S.K.: 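To start, I am sharing the structure in question, which I have written as structure tokens.
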Amino acid sequence: MKFYDPSVIEKKWQCHWQDNDSFKPAGDGTPYYQLEMFPYPSGRIHMGHVRNYTIGDVLARFHAARGRRVFHPMGWDAFGLPAEAAAIERGVAPASWTRSNIEEMKKQLGRLGFSYDPGTELATCDVDYYRWEQLFFVQMLERGIAYRKSAVVNWCEGCGTVLANEQVDGDSCWRGHSPVTPRELDQWFLKITDYADELLDGLDELKGKWPDKVLTMQRNWIGRSEGVEVFFELPALGEPLKVFTTRVDTLFGATFVCIAPEHPAAMKLAEAGGREKEAREFVAAVAARSNVERAQGKQGFDTGSRAVNPVNGEEIPVFLGDFVLMGYGTGAVMSVPAHDQRDFEFARGNCIAVRPVIAPPAGPLVATDMTEAMVEDGILHDSGDFDGLASSDAREGICAQLVKMQRGRAVVNYRLRDWGISRQRYWGCPIPVIYCDSCGTVAVPEKDLPVVLPEDITMPPSGASPLASLTGFAQVSCPGCGGEARRETDTMDTFMESSWYFLRYTSAGDEQRPFDPAAVAEWLPVSQYVGGVEHAVLHLLYSRFFTRVLRDLGWLDLSEPFGELLTQGMVIKDGSKMSKSKGNVVDPDELIERYGADTARLFSVFAAPPEKDLEWSEKGVEGASRFISRVWRQVVVAAEETSGDCSDPGPESLDEEGRRLRGVVHETIQRVSHDVGARLRFNTAIAAIMELVNEYQSADFTALADGERLHRFGLGTVLLLLGPFVPHVANELWGELTGQEDMNQQGWPVHDEAALLRESIEIVLQVNGKIRSRIQVSADIDRDELGRLALADSRVIAYLDGADPRKVVVVPGRLVNVVI
RNA sequence: GCGAGAGUGGCGGAAUUGGCAGACGCACUGGAUUUAGGAUCCAGCCCGCUACGCGGUUGGGGGUUCGAGUCCCCCCUCUCGCACCA
């Protein structure tokens, strides 16, 4: 018997596919764009990659077999900090470190037999890629989408650069756990806030296509909030203080106003209140604490100044509060202790009056009895002309009144901030801007693009970017006046590259333009995107934004770049994520060496549904390997006796048992097609194939009419169904069994609806909902007859014990429930 | 605290619309084959019991229904996300 040696057949088929250009989009089927999040070339692939890319490959191969015109590209997210760290450690340039990693990882991915179109490979660190990004940036600058401002930004000590808000996790960096501290710097930003509403509304279209969890996370991150800006006059300064509130219905209950310690009016108010010195100490104390520490307490400071409530003319104190954030709304809030829990706590700590103005259904509250704020809507009282109104009506009424008085306006606030893209790093896409003393900030003219990142450098041990000190790079003449000028030496956030790589894939190698609009129109939006949930509000939000910007710049006609999204779970071992520090990593190469790529692939998709975490199990891998060997033996043994045509023999030449087996084959086709094509449940698809294999293993085909043919049909179908999962072994065995060269010509099997109908079926008989008997009946039996048969069953009669059934529930094809 | 998701054998996990709970795999037990081990094949494998039968069982409690893992209400636990956003 031919021996199963994965290393031989896997190499053979990988060469075959390469030589035949097997994975170029082919045929005239409906286009299908299968995309997986491209990897950072860290040097070695890990099990997370194996799982991610196997899921994508199964889908790509499945849809190709089904006749779709499949586009399945792969590339490298090649800029980023690890290259700099490695460069310092090993004394090699980031560019060469990155490129050799790409070569190594490409080999590794190659060993897994993924169906990538090799003609589309790209690396974002190549000038041919990032030059277009620079062009986009220059155009964004012209349109005001990119702008520079001084702002308090997140400085990450570990990375030696600033991070965007999305990239900060509490008080630390999203990647490592290095601390992040505020720092004021001149930085480049992209106006993602201009797109806040569109990005939010777009989520509705994605409902049902993206996991709810991701949609919710994006919605929360954008954080749209409708409310009113109320102007409180500040007599001491002779100007109004603007506060934002979503609960303007509680305005009559405001007993103080609270502003952020960083608020521009803070010190002026303290001065006017004669408490300047103490205020300075308070502000310094707050500034010394981190955001997380600040979130613990609720400290306040009375400025001694007062503000006037526009609706009742009341003068109320102005406090500085550490819980008020300068970055949200106006950095000032009106405080209503009776109806806001934070204000309630603050008021109790600072001896401020609690004044209820919203009554719950049970009637108005008494301030002295309150132990917590009443935050629900209710009926207004002690609110002048608005008494008796419901909260929602009062919000409208009071807002209208404020507008009329020119003391307020309706506003929408967002939690989302503009995307800070400057990075004080070397290994990234240069920001194409020049600073000139006479002309100011000038974009590099399009004709001078690209600004090429010098690759032949040595990283200083300090880790600082070498760009600023590279005179050949940093010193330029101004494109405006020709005088001496300095180049921007910050580079772009690497999330810039991943925000449009899926567009470039469609036109890789095009030297004239970033992408061909026709190709983009053909393939986009991505049919199925597969990646980790950690990018829910990073890459996935940036890409949605970037695509809209490119649309508005006239590059394409598309808003949502991704259609269906599958977020796969992590690969876990011993209860935690595989990581070097935990010492629980499994090396994919060793796995392939030992069991073969097909086993690695099979296990990755069999052991758990794709969106759940996958617990690593050596025994589970062995199980997957054992199944492949079993199929191998079954097919090779069968092929020794009978080979050739594997098509459906049809029902006529078969006997009853043969027709039943044929039915099982068709049922398996249906289940697998549905599980892979519609449900994305590969584990159950494989289980269904295993059932068929088990069924076939115990059948004796020599005893059946047209048995050889039926045998080949079933085994051939198993191979076709296994093709997307274990392509090497499936193709090899297909050749053995059929004598045909290429399984891919065969296409995906289609089930015969008629074959699914059983001649006789088992019906469960229940008495009072408990199973008491089973009967075998003809599949086309009618309802009444089935009910009669149930009542005639001896065991049912015994349970009835002479009683008359109160009710007989007949569920055709399933059961009969006799109720006494 | 708010939001989302999940709780099913020894384990990973099935059960598409309310209709046979535990598919498939792992582990385990017995048998066959084998000099032995491994591999393979066959059989068993939710729990309890006076065992060809009966009872119980999908985190706990209640409800709707002829019938609930699935629908509704209350509670518990876990995971993830957000976390003073005014």
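Every heavy atom of this structure was used, including side-chain atoms; hydrogens, water molecules and symmetry mates were not. These figures come from a predicted structure and were not determined experimentally. A, B, ... follow the sequence lines: proteins, then strands. Residue 1 opens every chain.
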S.K.: Write down the distance between CG (A/Leu538) and C1' (B/G81), rounded to a whole number of angstrom.
M.R.: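 Going from A/Leu538 (CG) to B/G81 (C1'), I get 13 Å.
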S.K.: Using a heavy-atom cut-off of under 4.0 Å over every strand shown, decide if A/Arg417 touches base, sugar-phosphate, or nothing.
M.R.: nothing
S.K.: Quickly work out the A/Glu618 CD to B/C11 P distance and round it to whole Å.
M.R.: 21 Å
S.K.: At 4.0 Å (heavy atoms only), tell me whether A/Glu615 reaches a base, stays on the sugar-phosphate, or touches nothing.
M.R.: nothing
S.K.: Give one of base, sugar-phosphate or nothing for A/Phe344, where a contact means two heavy atoms less than 4.0 Å apart.
M.R.: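 Here A/Phe344 touches no strand at all.
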S.K.: Remember a base hit wins even if backbone is also touched, and classify A/Arg806 as base, sugar-phosphate or nothing at under 4.0 Å, heavy atoms.
M.R.: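 Here A/Arg806 touches no strand at all.
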S.K.: A/Ile771 CD1 to B/C66 P: how many Å, rounded?
M.R.: 19 Å
S.K.: Below 4.0 angstrom, N of the basic side chain to O of the carboxylate: do A/Glu762 and A/Arg814 qualify?
M.R.: no
S.K.: Determine whether the side chains of A/Asn413 and A/Ser225 contain a donor N or O and an acceptor N or O closer than 3.5 Å.
M.R.: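 Their side chains do not contain a donor-acceptor pair, so the 3.5 Å distance test is not met.
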S.K.: With a 4.0 Å cut-off on heavy atoms, is A/Arg224 in touch with a base, just the backbone sugar-phosphate, or nothing at all?
M.R.: nothing
S.K.: Just call it for A/Val324: base, sugar-phosphate, or nothing, with non-hydrogen atoms closer than 4.0 Å on any strand.
M.R.: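 A/Val324: base contact, heavy atoms under 4.0 Å.
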S.K.: Is a salt bridge present between A/Arg681 and A/Asp675, judged by a nitrogen-to-oxygen distance below 4.0 Å?
M.R.: no
S.K.: A/Lys612 has an atom NZ; how far is it from atom P of B/G25, in whole Å?
M.R.: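 After rounding, the gap between these two atoms is 19 Å.
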S.K.: Determine, for A/Arg247 against A/Asp340, whether the closest basic-nitrogen to carboxylate-oxygen distance falls under 4.0 angstrom.
M.R.: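 A salt bridge is absent here (no side-chain N lies under 4.0 Å from a carboxylate O).
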S.K.: Assign A/Gln341 to base, sugar-phosphate, or nothing according to its heavy-atom contacts below 4.0 angstrom with the strands shown.
M.R.: nothing
S.K.: Salt bridge or not between A/Glu564 and A/Lys209? Use side-chain N to carboxylate O under 4.0 Å.
M.R.: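 No, A/Glu564 and A/Lys209 are not salt-bridged.
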S.K.: May I ask you to say what A/Asn413 touches in the nucleic acid, namely base, sugar-phosphate or nothing, with a heavy-atom cut-off under 4.0 Å?
M.R.: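 If one applies the 4.0 Å heavy-atom cut-off, A/Asn413 turns out to touch nothing in the nucleic acid.
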S.K.: Quick one: label A/Leu325 by what it contacts on the DNA or RNA (base, sugar-phosphate, nothing), any heavy atom closer than 4.0 Å.
M.R.: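 Contact class for A/Leu325: base.
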S.K.: Whole-Å distance between B/C80 P and A/Gln568 CD?
M.R.: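 In whole Å, B/C80 P and A/Gln568 CD are 17 Å from each other.
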S.K.: In whole angstrom, give the distance that lies between atom NZ of A/Lys619 and atom P of B/C28.
M.R.: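 Rounded to the whole Å, the gap is 6 Å.
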S.K.: Using a cut-off of 4.0 Å on non-hydrogen atoms, how would the nucleic acid contact of A/Ser617 be classed: base, sugar-phosphate, or nothing?
M.R.: nothing
S.K.: Mind checking A/Gly329 for me? I need base, sugar-phosphate or nothing, with any heavy atom below 4.0 Å counting as a touch.
M.R.: nothing
S.K.: Regarding A/Arg407 and A/Glu229, does a basic nitrogen lie under 4.0 Å from an acidic carboxylate oxygen?
M.R.: no
S.K.: Test for a donor-acceptor pair under 3.5 Å between the base of B/C20 and the side chain of A/Arg774, counting only N and O atoms.
M.R.: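 Checked by distance alone, the answer is yes.
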S.K.: With a 4.0 Å cut-off on heavy atoms, is A/Asn817 in touch with a base, just the backbone sugar-phosphate, or nothing at all?
M.R.: base
S.K.: A/Met217 CE to B/G3 C1': how many Å, rounded?
M.R.: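 Interatomic distance, CE of A/Met217 to C1' of B/G3: 11 Å.
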S.K.: Name the nucleic acid region contacted by A/Val333, choosing base, sugar-phosphate or nothing; use a 4.0 angstrom heavy-atom cut-off, strictly under.
M.R.: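 It contacts base atoms.
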